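Below is one structure; the comments refer to it alone.
Numbered from 1 within each chain, the chains take letters A, B, ... in sequence-line order. None of these values were measured; they are calculated from a predicted model.
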Amino acid sequence: MLDLKYVVEHLDEVAERLSTRGGRVDLEPLKELATHRRTAVTSRDSARAELKTVSDGFRQPGVTPERREELRATSKALGEGITLLEAEVTDLETRLQDVLLNLPNLPNAATPVGASADDNVIVRSWGTPRVLDFPAKEHWELGENLGILDFEAARKISGARFVVYRGLGARLERALASFMLDLHTTKHGYTEILPPFLVNRDCMVGTGQLPKFVEEAYVATDDMYLVPTAEVPVTNLHREEILDASRLPICYVAYSACFRREAGSHGKDVKGMTRVHQFQKVEMVKFTTPETSEAEHEALVCNAESILQALELPYRVVALCSGDLGFSASKCYDLEVHLPGQGSFREISSCSNFEDYQARRASIRYRPAPGEKPRFVHTINGSGLAIGRTVIAILENYQQADGSVTIPTALRPYLGGLEIIPNP
RNA sequence: GGAGAGAUGGCCGAGUGGUCGAAGGCGCUCGCCUGCUAAGCGAGUACACGGGGUAACCUGUGUCGCGGGUCCGAAUCCCGCUCUCUCCGCCA
């Protein structure tokens, strides 16, 4: 959520920056609401102050019964006025909140301005895309041939856009999760978290999924939501808290299943498991001061990259442009891994700096020094990595002419030394 | 699911209609004292939203789980809800 005060005081600048996300933005209604609210709050408060003074009259020594009646009448009238003003303030605040919660974050000055993914900027590349001397297969064909991915079974038990891992496929997923978590906890200084996969509404509002993107979420009963990413429960770990500055930065890494309805992506990536309703992911989340957030963001991207490097998977780092930026993000880098089967680069990680946007929604603050006023933290997160897509990348990059797939060296210890998934 | 208890400031814990943003203690911060990381003394120690001021700061209002009600006035009385804890049952 944006700072109302800032928006109102920099109306044109905010409108212009928001419009770089696409579509025009009219903030006049917001400003009007804010002005009305301020007037209403002022009159409500002064009416209350007056009521207080009148009420004190009852305690004065020697109040005559007549005086009491008089006081009673004036305070009653005041009270009725206050009730009306309170209702007005509540109504205005609800409407204001509604507008603010539906307003996306301001793109950072460093975010390239652009209309769509075509305008994203390649920041750097690592490795050389593999050139195979045989026709490359896509991951679903490889996976089904090897008997490690079963889309047919998934269709029966759940429906379209699900996958069942079997045998070495299931083990590969598990190995990747352990491998990633180990690297981030032992080499990069993250604390491992295993969060609930079902969260309450406040969490979803706090990180920005709600209220605007209900149609993307799996809603369970009791106003509970299946997490679309571990970012949601992990960021909300510190909701409504004032953290001690000495604790920052706080770095968490969490494994979770991620549930997404993928509404509006009909016809996209219909084959295979590039886009499924449930996938597993290792997610890094940081809470930092505003001063360090940029550097911490860059470091987090490097932490994600190190997984791809360890697995020797060629990739590139892309800076998302304003038009492609997520709702809550101010700045975002995507890591795109090269897939020989698809013959293209595909997103495998998305690393965002939300600055104080989520912190303001979720009220996550820190105290710079004892006695000082609390400030909002900056939140940063990124996949490290999406496991399903890592499996895809391994299958497509390490496929052999005979249909078998070799295991990246770094991963072998997690698979009992296994070097190859043989074609049966 | 059944029965009971509770929800007050960073923590513990008083408070049953006005003088309560809230006693007392602990913790913490600053200062004093003390010849040595202890004890003692003094002061301070929530958050939000308005108004004023360059600022330090001053000032109004609200907040004692949440929402509603009674009343001139509610932490205190009434109603509803939520959550937590204990016991029983069930259960990975």
task = Verify the distance criterion only: is there a donor paired with an acceptor across the side chains of A:Q209 and A:Y225 at less than 3.5 Å?
result = no
message = Reading RNA chain B from 5' onward, which residue's closest nucleotide shows up sooner: A:L4 or A:T83?
response = A:L4
request  = Please check if the side chain of A:S328 supplies one atom and the backbone of A:T207 the other of a donor-acceptor pair under 3.5 Å.
outcome  = yes
key: Nearest to side-chain heavy atoms of A:L51, which nucleotide of B:C47, B:C49, B:C72   = B:C72
query = With no hydrogens and no angle check, do the side chains of A:S330 and A:N105 hold a donor and an acceptor under 3.5 Å apart?
reply = no
task = Please state the C1' separation for the pair B:A38 and B:A23 - nearest whole angstrom.
result = 29 Å
query = Among B:G62, B:C47, B:C72, which nucleotide sits nearest the side chain of A:P374?
reply = B:C47
note = Taking B:C72, B:C47, B:U61 as options, the one with an atom nearest any side-chain atom of A:R48 is B:U61
Nearest to side-chain heavy atoms of A:A49, which nucleotide of B:A46, B:A48, B:U61 = B:U61
inquiry  = If you only use heavy atoms from C-beta on, which nucleotide in B:C47, B:C72, B:G62 is closest to the side chain of A:R72?
reply    = B:C72
key: Between B:C85 and B:C30 - P atom distance, rounded Å   = 37 Å
inquiry  = Say we look at B:G6 and B:C77: how far apart would their P atoms be, to the nearest angstrom?
reply    = 12 Å
request  = Could you work out the separation of B:G10 and B:A22 based on their P atoms and round it to a whole Å?
outcome  = 15 Å
query = How far, in whole Å, is B:A75 from B:A7 if one measures between their C1' atoms?
reply = 12 Å
key: Side-chain-base donor-acceptor pair under 3.5 Å for A:D45 and B:G50   = no
inquiry  = Any donor-acceptor pair under 3.5 Å linking the side-chain atoms of A:K331 with those of A:S352?
reply    = no
task = Write down the distance separating the C1' atoms in B:A14 and B:G9, rounded off to the nearest Å.
result = 13 Å
ask   = What distance, rounded to whole Å, do you find between the two P atoms, one in B:C41 and one in B:A56?
value = 34 Å
note = Walking RNA chain B from its 5' end, the first of A:E50 and A:E93 to be reached, judged by nearest nucleotide, is A:E93
inquiry  = What's the gap between B:A43 and B:U61 when it is taken at their P atoms, as a whole Å value?
reply    = 27 Å
request  = Ignoring the backbone of A:V41, work out which of B:U61, B:G50, B:A48 is nearest its side chain.
outcome  = B:G50
key: Identified side-chain hydrogen bond (donor to acceptor under 3.5 Å, both in side chains) partner of A:N108 from the options A:H297, A:R17, A:E355   = A:E355
query = Which one, B:U61, B:G51, B:C72, comes nearest to the side chain of A:K52?
reply = B:U61
